[in-house]
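One structure below.
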Amino acid sequence: ALESGAAEVLAAADARELPFVVVQALVAMGYARAHRGRFGPAEVSYRRALELARVGGMHHQQSRLLAHLALTLALEGRLAASLPLLAEGVSVDPAYRDSLVLEFGAVVQWVAGNFSSALSYAREALAWNPAGVSRRRGIGVVFGALAAAEMGDLSEARRFADAARSAVGDRDWSYLGQYCDYVDGF
């Protein structure tokens, strides 16, 4: 439903030449595709949106799209192509901390087996959200918990798992709760 709805928005935005709306529709399409394992089509969506964001000088969107693209490529197993996109996402926008570069960076680094780097990304994400993380940001924080557990630092793993769990409360959202439970198993 997300992909088909985004395709409708994309068609209307393309027809009206609304580049910002086109970018948003392409992000939604990329997200829907990547989370269903359709990495090639997701990459196409993200790269088109990234090009529009570059042409339009949308720095925040560039940072956000680079984070999404990095995550998609990492999940596809293309780590060598994924990792440089995180650095680019940081460099393109001074406000990158609001773009999910930190959170998706934690996931990408964890997938790559770079647990200390994953933990660094998660620490920075948590530091920039001292009042607590949202569900969206909890994704990176829970991967900080997984990285800390992999490194044998169980108190740090619990701290991150508790922060991620507080983002969802008693609700089941995405895979946050399950990953927190996994960390608790350590």
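Keep in mind that this is a model prediction, so the values were computed, not measured. Computed from heavy atoms alone, side chains included, the values below leave out hydrogens, waters and symmetry copies. Along the sequence shown, residues are numbered consecutively beginning with 1.
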Point to revise | For Glu88, all residues meeting side chain to side chain donor-acceptor pair (under 3.5 Å), sequence neighbours excluded | key: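 Once residues adjacent in sequence are excluded, the partners of Glu88 under the side chain to side chain donor-acceptor pair (under 3.5 Å) criterion are Arg54.
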Exercise for review: Scan Ser117, Ser116, Ser120 and name whichever one has a side-chain contact (heavy atoms from CB on, under 4.5 Å) with Gln109.
Suggested key: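 Looking at Ser117, Ser116, Ser120, the match for Gln109 under the side-chain contact (heavy atoms from CB on, under 4.5 Å) is Ser117.
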Review point. Checking side-chain contact (heavy atoms from CB on, under 4.5 Å) against Arg165, which of Val142, Asp181, Val183, Val141 comes through?
Key: Asp181
Exercise for review: May I ask you to decide whether Glu51 forms a salt bridge with Arg48, counting only side-chain N to carboxylate O separations under 4.0 Å?
Suggested key: no
**Study point:** Test: Glu3 and Arg36 ion pair at under 4.0 Å
**Key:**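 Yes, this pair counts.
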Review point. Should the ring pair Phe115 and Trp110 be called parallel, tilted or perpendicular, given that the plane angle runs from 0 to 90° and is split at 30 and 60?
Key: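 Tilted: the ring planes of Phe115 and Trp110 meet at 30° to 60°.
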Quick one: ring pair (Phe, Tyr, Trp, His ring centres under 6.0 Å) partners of [X], sequence neighbours excluded?
{"X": "Phe39", "answer": "none"}
{"X": "His60", "answer": "none"}
{"X": "Phe160", "answer": "none"}
{"X": "Tyr121", "answer": "none"}

Practice item. Please answer whether the main-chain N or O of Arg78 pairs with a side-chain N or O of Ser82 as donor and acceptor at a distance below 3.5 Å. Key: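 No.
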Exercise for review: Please indicate whether Glu17 has more than 12 foreign heavy atoms, meaning atoms of other residues, nucleotides or ligands, lying under 6.0 Å from its CD.
Suggested key: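 Result for CD/Glu17: open.
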Practice item. List in chain and number order the residues that pass side chain to side chain contact (heavy atoms under 4.5 Å, CB included) with Arg158, two or more places apart in sequence or in another chain; answer none if no residue qualifies. Key: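 Result, side chain to side chain contact (heavy atoms under 4.5 Å, CB included) vs Arg158: Leu154.
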